[in-house]
Each structure stands twice: as structure tokens, then as C-alpha cells.
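Report on one structure; see the data block that follows.
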Amino acid sequence: MAGVRLRGVHKRFGKVHAVRGVDIEIPDRAFTVLVGPSGCGKSTLLRMIAGLEEVTEGTVEIDGAVVNDVRPKDRDVAMVFQNYALYPHMSVFENVAFGLRMRGTAGAEVRPRVEKAAAMLGIMDLLERQPRQLSGGQRQRVAMGRALVRDAKLYLFDEPLSNLDAQLRDEMRTEIKRLHQEMQRTMIYVTHDQVEAMTLADRIVLLREGEIEQEGPPLELYERPATRFVAGFIGSPAMNFAPAELEAADGAVQVRVGETVLALPPGRAERLGGDGGRAVLFGIRPEHMYRAEGEAPRPDCARLDTTVEIVEPMGANTLVNFHLGETSMLVRLDGSAAERPGNALPLDVDMSRAVLVDPESERVI
Amino acid sequence: MTADAAPPVPASRWPRWLPRERRRMIWRFLIALVVQVFFLFPVYWLFITSIKSAGDIFARPPVWFPGEPNFRIFGVLFKDGDVWAIYNSLIIASISTVVAMILGTAAAYSLARFKTGGQNLAIWIISQRMIPPIVIVFPIFLLFVWFGWIDSYVGLILLYIAFNLPYVIWMMRGYIEDIPVEVEESALTDGCSRWQALRKIVFPMARTGIFATAVFTFIFAWNEFVFALILTRHDVLTFPVLVTHYYGAQSTFWSKIAALSVLGTLPVFFAVATLQRFLVRGITMGAVKG
Ligand SMILES: Nc1ncnc2c1ncn2[C@@H]1O[C@H](COP(=O)(O)OP(=O)(O)OP(=O)(O)O)[C@@H](O)[C@H]1O
Ligand SMILES: [Mg+2]
């Protein structure tokens, strides 16, 4: 049982204001992912929760008790460090067993538990090696084992899969998810890989320059980004943005990008009201445009005539590059598409999914 | 199976070098030999001087191999009590090394991990080591007279601690900074107190540095001459000072000089030989990424 709550947390390193007033409430047993670009303060937040970094201002609570002055040892937290931080003078087995021994696990219990964790992480063969004899990915798995073998209140992961190859990363991601379901513990996971964030999280906290940009369930961030930054960060490939203008045209509202005019569906137009003649950023995800079929566009869609420029086949689907006005855009089509550069490509743009951003405030309207 | 089949090549215990590799080996061996002779010859000469008869020491041509080793002079050193100087040196160098290592490592940890005093304090500390001893030896002499520390163990021990601390702090700070702080933090989250993390993680990882620094600190104290010359009389003469007593206006006791020097080299030799296996680098490898 361990919920975590941060209230008004600040962290300053001398002049660097790394974390600027963060409030987060993490329920017991939740899987929370902190995402954000490099240097936004993810590791710093995690380290403050673990007790490795002093909190400049605000409070950190674990289990309802303020722990600002509690030593890391007494917080009962297991952590995977971004740079592994293995004990180089101990074998892999001893690395994994260290936390158990320090917390007084009975001697006979240590080996089975270490072996169970090692089997799960596929490092059984490595137990007798020294850390310097391991590859980066193997070291990272040992670092994971060291945390997962523990029976802690709270698990903190700082980019634990960053150094694994794509296949292993997918496997481990599934493994972590399964473990979370089995163990039913509170986990906080840092990553800058938004795929990991989307797939693992019950709740995503998106950080930017030490502040929370938006938080919520993964799909909420995907469907209803609050700012341009969130819209661009969540989703892969990233959302396309083009400078545009809102125009009122006999009761409806349409988006003008250069020469092209895209009509908004009536529902959206109403909400925007009479915002005619206003500059906006028009955002659309690559997966929310489809190859046009037939005469009339699909419901809620606007027809767009484009010319194929670059084709990137990915197997299951194909990314196609084209220009909308001055802006280079990306669309994701299904894999069987046989597009050729120079060919005409009519698209249906799903305007109900389009995001309109106020260029001044960068907030989504 | 015919009789004239080539006899089986006996499995050699040695790898069969290609000619080129063999030539290279020979060259390496020769160069190593020359270097060895160059560095070991003075030690050899010192040793044979100590066991030569008085006449052979200045014989021309030199006596390369003394016919009949004569260890009499070592007996004299023991009988006259001159070996006490070695004992004094041992006591003073050992105690001052141990104390300087303990205090210096603690200070270095604080400088490295808590940034105590910022960058400036660390620079100031090492700058203390740059003062030529001769400049401060007379003020210290006066101070020691006042405290009654002239010709005492405590005086020299304290002085050597003070003299070696900057070096220990500087070296150990570097070694501790080389240990990724996350490794220590990992131990803290694994359930160690700060002290346990030091004992189980930091010290083992800094082992190489600790031993290397200790060996050098010991050797500094062992060889120190200026302070020892001025601050001792006859009770706690150290070995380098006593050696100079054998240079006289009328006569110089070359055999004694050689013999005491041989004895004085032994402790350092053994210290380095036993600690050598700790003096290999690479203990922090594998801790972190990259
Ligand atoms: N010990 C420190 N001293 C000074 N500044 C620091 C320190 N640690 C972190 N910072 C600064 O605080 C900010 C946040 O750092 P942090 O390590 O939390 O970023 P991050 O989100 O984990 O980035 P990454 O994804 O690259 O790991 C950065 O600007 C960093 O330079
Ligand atoms: Mg980080």
C-alpha cells in the first residue's frame, strides 16, 4: 500500500531551476509514467521521491506521510538507475542479492529469489559474471533484476529499457506490464519514449522544463492534448502542424492552409463560434488522414489533393510525405499502398480529429 | 603404418613462434634486460658495498663480485643500536600514514560528495603542499621548542600527518569522484546507511586508490629529511638522518652507510611488493553505461 503525492515540489541546483512547482497524486498500485524531453526534470523528480535529492520546496508524501527528511534506506523504495549503477566489485548474483541481504532476507531465501528474477530477465547464465564482462543491454537487465527482486513499497524506473535492442525492449515492456499486474505495486516509470509511455501507463505525466504540461490517461493525452507541445510529443510519427487561418463561410467555419481550404464538421464549427479571420496552427496526425475513395469525402472529412514526394514503407503501413502549402506533412497509409513519388494522392482529412492551436498561447482551442 | 612415416612432432610445451614473433620476443627481452640492469645496478652496488671489506670499496679496478661476503657491519649496526633509527622511521611513518589516510579520506569524501567549500577549498588544500619545507622549518622548530616536541615521536608524527594530509585529500578526492555517485545511491536505496554504503561500496571500489595513496604517503614520510634533521637530536633519529651522521669530516663510514641504507630500503620494498596486487586499475569498470 503506497500512494505517492507531491505538493508544490521545487528543485533548484544553484541557479538551475530544474523542477518548478509540481503537484502529482499517484494512487496506490498505479503505473504512472513520467515523460518529457531530455532535461525536463524527470530523473530529478524520481530521485526526490527516492530520497536521493533534497526537495528545495514543497513536500513529498509516501503512504500519506511526509518523507522529506526520511533517509532513502527507510523509504522502502526500489530503483533502477538511468546509468545502471551496478556494483562493479560484485558478481551479478551478488548485485541482485545485495538489496535482499541488506534488508535482512533469510539466507536460504536469497538464492531462489535471485534465480527467479534472473530467469524472468533472461540473465540466468550471467549470474557468476562480473559487471564489466557484460554488454550494455545485459547490464541494464541486471539493474532491473536488482530492483525487481526486492519486495518494496514503491518501484522507480529511470529509463530502464533505453539500451536494449528493439525486440528485447518490446519483450521487457510486456514483462514489466505483466509484473505490475502480478505484483500490484505502485510503480513510477520514466521514459522519453512515448510508445513506452502509451503502452505501460495507467496515467501519463508529461513534463516540460520542470513543469507539468498535462497529465491523464494515455488516450486522453492522445485524443485531447491541451497544448501544441503535448499534441506534438504524444503519438508516433508526430502530429503534422501547418500555419493556417480560420475563416467563417456562411455559417460554417473552415481552415485555410495556403491555397487549400478544409471545412470543419458542424459540431466543431459551433464550438469555435464566429472565430473568423483568426490565425491558428492546424494539426493533424499522420494516421488521421486516409486515401480518398469515391466522389464524396468520408463523414467529417475534408478532401485534400496532394502529390506524393517521399515513400517510406514500414511493412504494416507506409509513410508518405507531401506538401500542404509550405509545410511538409506525413500521412500513414496501410502497407499495401503502392505509391510512387510524383503520383497524385487524394486524401480524406479527418477534421473531427484535427487540432487547432492558438499560435500565441500554444494552447489547443 | 609404415616405419618411414615422419615421426610425430612432439607436442611442445611452448607455443611455436613464427620467426618474426620470435625475433620480436628476443628484442623485447634484450631491451627489458638493459632497462633492468640500469635500474637495478645501484641497488646491487649498495648491497655489495655493505658486504665488502673496507679495502675493496675503493679498489681499482672495482670489485664487481666480492669474493667473501662479510656481514659483520650489519652486526655492528645491531650491536650499537643504530637500527633503532629504522624502528623510529617505521613507527613514525606508519602511524602518520594511517592517521593521514583516515582523516584525509574523510575530508576527501566530503569535498567530493558534498562539495564542501566548493572548488576553492580543494585548491587551497593542495596548495599547502607546494610550500618548500625549508621555508617553514624554522618557525616550526620554534613552535616545537615551545611545545616541548623536539626529538619526540609525537612531534614528527603530527608534522608528517599535516604534511601528508593535502596529498591524501587531493588524491582520494579524485578517486572518490571517479566512483559514479549513482552506485552509492543505489546502495542507499537498497537499504544501506551512509556508513554502510561507504564500507560496502565506496571503500572496495576505491581500494586501488587507497592503497596507492597509502604507499606514497608512507614513502614520503619514510624519506623525509629536512624536518627530521632539524627537529630531532638523538632519541628519535630517523633512518635518513642517521645515514648522514656517518659522513664525517675525518672519515666516512661507507660500509655503515651502505648497510643502513640496505636495511632502510627493505620496509619500502616489502610494502610495495605486498600491496602491488592492489595497485592495478580498473576496479570501477562496468558500473555504469558506456
Ligand atoms: N546535480 C545537478 N546539478 C546541476 N544541475 C542539475 C543536476 N542534476 C540535474 N540538473 C539539471 O536539472 C535539469 C533536469 O535534469 P534531469 O536529469 O532531471 O533531466 P531528465 O528529464 O532526467 O533528462 P534525461 O531524459 O536526459 O535523463 C537539467 O537541466 C539538468 O541539467
Ligand atoms: Mg534522466
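Keep in mind the model is a prediction, meaning the values are calculated, not measured. Just so we're on the same page: letters track the sequence lines, and every chain starts at 1.
Using a 3.5 Å distance cut-off with no hydrogens or angles, the side chains of B/S186 and A/Y84 do not pair a donor with an acceptor. There is no side-chain donor-acceptor pair under 3.5 Å between A/R75 and B/T189.
Within a 6.0 Å sphere centred on CZ of B/F269, other residues, nucleotides and ligands contribute 12 heavy atoms or fewer. The number of heavy atoms from other shown groups lying within 6.0 Å of CZ (A/R178) is above 12. Within a 6.0 Å sphere centred on CZ of B/F216, heavy atoms belonging to other residues, nucleotides or ligands number 12 at most. The environment of B/F29 atom CZ is sparse: at most 12 non-hydrogen atoms of other residues, nucleotides or ligands sit within 6.0 angstrom. By the 6.0 Å contact criterion, CD on A/E109 is enclosed, its count of non-hydrogen atoms from other residues, nucleotides or ligands being greater than 12. For B/F39, the CZ atom is loosely surrounded, since the number of other residues' heavy atoms within 6.0 Å does not exceed 12.
Between the CE atom in A/M79 and the CD atom in B/E185 there is a gap of 7.5 Å [rounded to 0.5 Å]. Distance CG/A/D158 to CD/B/E182: 9.0 Å, rounded to 0.5 Å. The distance from the CZ atom of A/R150 to the CG atom of B/D190 is 5.5 Å, given to the nearest 0.5 Å.
Using a 4.5 Å heavy-atom cut-off against chain B, the contacting residues of residues 44-59 of chain A are A/R47, A/A50, A/L52. Listed by sequence position, B/G191, B/C192, B/S193, B/Q196, B/K200, B/I201 are the residues of residues 191-203 of chain B in contact with chain A, using a 4.5 angstrom heavy-atom cutoff.
For B/L165, the side chain to side chain contact (heavy atoms under 4.5 Å, CB included) partners are B/L103, B/I161, B/I169, not counting sequence neighbours. Every residue two or more places apart in sequence or in another chain that forms a ring-ring contact (aromatic ring centres under 6.0 Å, His included) with B/Y167 is listed here: B/F220.
The minimum heavy-atom distance between A/P88 and B/V183, with the atom names listed, is CD-CG1, 4.4 Å.
Contacts with chain B were tallied for A/R146, A/M90, A/R101; A/R146 has the most, counting heavy-atom pairs under 4.5 Å.
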